[in-house]
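What follows is a set of notes on a single structure, which appears directly below.
Numbers restart at 1 for each chain; the letters A, B, ... are given by sequence-line order, proteins then strands.
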Amino acid sequence: MSNPLIQCRQLSVEQQSSPILNDINLEVFSGQSLAIVGPNGAGKTTLLRSLAGLIPHARGEINIRGKNILNISPKTLSEFLSYLPQNPTCAWDFTVRDFGELSMHPDLFEHWISRFKLNGKLGSPLSQLSGGERKSVHLSLAFSVLGNPLQKILLLDEPTAALDHDRALLVALAIKEFTEAGAAVLCTTHDLPLAQSCKEILVLDAGRVIKKGSPNDILTADLIKLIGNK
Amino acid sequence: MRNKFGIIGWGFLIIVSVALIALAQGSAGFGWGKDYELLALRLPRVLAAVVAGFALGIGGGTQQGLFRNPLADPGLTGVFGGALLGIAIMMASGGTWVWENTWAISVAAFAGASLISILLVIVGGGGSTSKLLLTGLGLNAFAAAGTLIIANLFSSSRDVLLSGITGDWLGLATLSSIMWPIGLCLAASILLLVQARALDQLSLGEEVAQTRGLDVNSIRRRGIILTALAAAAATCLVGQVAFVGLIAPHCARILIGPRHKFMLPLAGLIGALLLLLADTLGRSLWPQTPLSAAAMTALLGAPVFIWIASRHHE
């Protein structure tokens, strides 16, 4: 098997001396999609932010494409890692087209905008879009900034939150397409159909990995209760 | 895209036209006088107003972009107050030496503005709009108190400092006194314009900007220092003048959209137009008792500030 695109060894993260993540070991390879599930406060977002190089870790190490994340500059990391926060915002009333110009690949951005059925709204400012449409614009940007997905990493924090059924299905399909094209995709989610569509599921609780495996092995009735899905 | 360049082109033409009118308009009436002597007198004043307004528009737009806050303005966040305090300390400690070395005034203004900017980030940055503005107001009051105490203790510089507090220094402009601040205003403005793309990425939040390859801390440090430089140099030209840095970017966003590569240059042009109009109207409407440019911009700016605040309240 090739080297993992993401590797965590005994990763621990603390905030104000309180442990948020404890002893996380994880490997994600090219072509793999991993859904991170767990109850609120389990540390899902913290794990994703750590992997994006946004927060320091207290112990352990994170290697991205074989190199310690501490030795990778933000500019280099941005060439192969895309991150979508849980509640993406924009300080100003950009139009959808403006977002395309922020992407390094405006054509690819428009491709995703079209798949999210927003191609008639390229000139519309964000303030005239619904919450789900705004989320779709941020998703299109996250999907398009990396160009060719081969050996790239996509980190998505609750990507289907605020989306309707069709757009949520499109996100699941996009994750499948990215992994088939050679990317590694990690997403946190409370959306069980999205978790089921990923190749593997990792269950976090109180900052620790409880289980990791294929959706069929992982999604038992007890676990669904634990992650708070009804 | 072509429309946007067109708007900026029109803005430039309007500035040139209004500047020509401002050069011809004075308390002695309309015209350039015999042998153009009035033109020579008014040229430094008009140049100072245009360049200071340009720097304030761009500085305000940059500060709003850095703080992701439409209410940020170097005047409201205390940066002008800091610049003026720096000038006051230099005047009090330098005596006549300062007037022989006018570059020292620009350096002192920059030091004061930078100090207040750094305090603003340490105490008020990273929080809510209210926290930032209240911190700025507090720092401004502190700096104003310092300037007033110095003006009170050192009678030799009292009149100059008091007219600086009321934004009334344009009338003192001479070609030799404005050279340094104009150079600094233009240099800071050009360096701030280079940051436009980074400010666009920062619009999406610091974390997303960082994962897009931006060194957020470095961009913020550079932006704050350059904004302090622009505000300090503008203070040396005009004195304390609030609201230009607030109104200009707001109008620019309405006219051309929020992308910084278009918004910042247009904010600069609108800032230049605002300050030039304020100064020209202030000295033309009441020729016997001319009103300072700062008073005119406050008359225009205060209602706009209230309007923006009511739209963006938390």
Side-chain angles (χ1 to χ4, degrees), chain A residues 45-46 48-56 64 69 72-106 123-127 134-135 137-142 144-146 152-157, chain B residues 1-4 60-72 125-126 128-129 132 196-220 223 249-264 266-267 308 311-312 314:
Chain A
T45 294
T46 303
L48 222 56
R49 290 172 71 219
S50 303
L51 298 177
L54 294 170
I55 45 175
I64 303 288
I69 197 168
I72 308 175
S73 71
K75 181 145 180 51
T76 306
L77 197 59
S78 72
E79 287 163 15
F80 48 79
L81 185 144
S82 174
Y83 167 73
L84 177 81
Q86 190 170 351
N87 298 306
T89 58
C90 184
W92 313 109
D93 202 10
F94 282 5
T95 63
V96 176
R97 188 175 284 112
D98 286 335
F99 270 76
E101 289 174 27
L102 292 181
S103 168
M104 298 302 284
H105 306 277
S124 303
L126 288 182
S127 59
R134 278 201 289 270
K135 182 76 175 260
V137 174
H138 285 279
L139 276 162
S140 299
L141 184 61
S144 64
V145 285
L146 295 174
K152 306 282 173 65
I153 298 163
L154 206 52
L155 305 176
L156 308 170
D157 198 352
Chain B
M1 183 82 84
R2 214 164 53 190
N3 265 352
K4 293 185 175 179
T62 301
Q63 210 177 53
Q64 291 173 14
L66 286 173
F67 291 119
R68 306 176 76 225
N69 186 331
L71 291 173
S128 64
T129 304
L132 178 79
R197 188 171 169 82
L199 290 176
D200 279 343
Q201 297 283 5
L202 207 54
S203 306
L204 301 175
E206 288 187 11
E207 293 203 336
V208 172
Q210 189 179 323
T211 58
R212 299 267 187 276
L214 217 65
D215 184 344
V216 174
N217 287 334
S218 155
I219 292 290
R220 180 177 272 174
H250 200 75
C251 295
R253 271 186 216 104
I254 291 170
L255 288 170
I256 211 165
R259 292 288 306 284
H260 290 84
K261 74 172 176 181
F262 297 112
M263 187 279 278
L264 285 182
L266 188 64
I308 299 171
R311 282 184 70 201
H312 292 271
E314 292 169 334

Worked check of side-chain contact (heavy atoms from CB on, under 4.5 Å) between B:V208 and A:T89:
CA-CA 10 Å; B:V208 172; A:T89 58; over 6 Å; no
Distance in Å, A:D98 CG paired with B:S203 OG, rounded so as to fall on 0.5 Å steps:
9.5 Å
For A:P74 and B:L214, the nearest pair of non-hydrogen atoms, with its separation, is CB-O, 4.1 Å
Hey, mind stepping through A:L141 and B:R212 against side-chain contact (heavy atoms from CB on, under 4.5 Å) and telling me if it holds?
CA-CA 11 Å; A:L141 184 61; B:R212 299 267 187 276; 3.4 Å; yes
Here the pair of heavy atoms bringing B:T211 nearest to A:S78 is O-CB, 3.2 Å
Closest non-hydrogen atom pair, A:E101 against B:R259
OE1-NH1, 2.5 Å
Search all heavy atoms of A:F99 against all heavy atoms of B:L204 and return the closest pair with its distance.
CE2-CD2, 3.5 Å
Contact class of B:Q64 relative to chain A, heavy atoms under 4.5 angstrom:
both
Measure A:L77 against the heavy atoms of chain B and call it side chain, backbone, both or neither at under 4.5 Å.
neither
Pair count under 4.5 Å, heavy atoms only, with chain B: among A:A91, A:S82, A:P85, A:A52, highest is A:A91
Does the side chain of B:H260 come within less than 4.5 Å of A:W92's, by heavy atoms?
yes
Quick one: does A:F94's side chain get under 4.5 Å of B:D200's, heavy atoms only?
yes
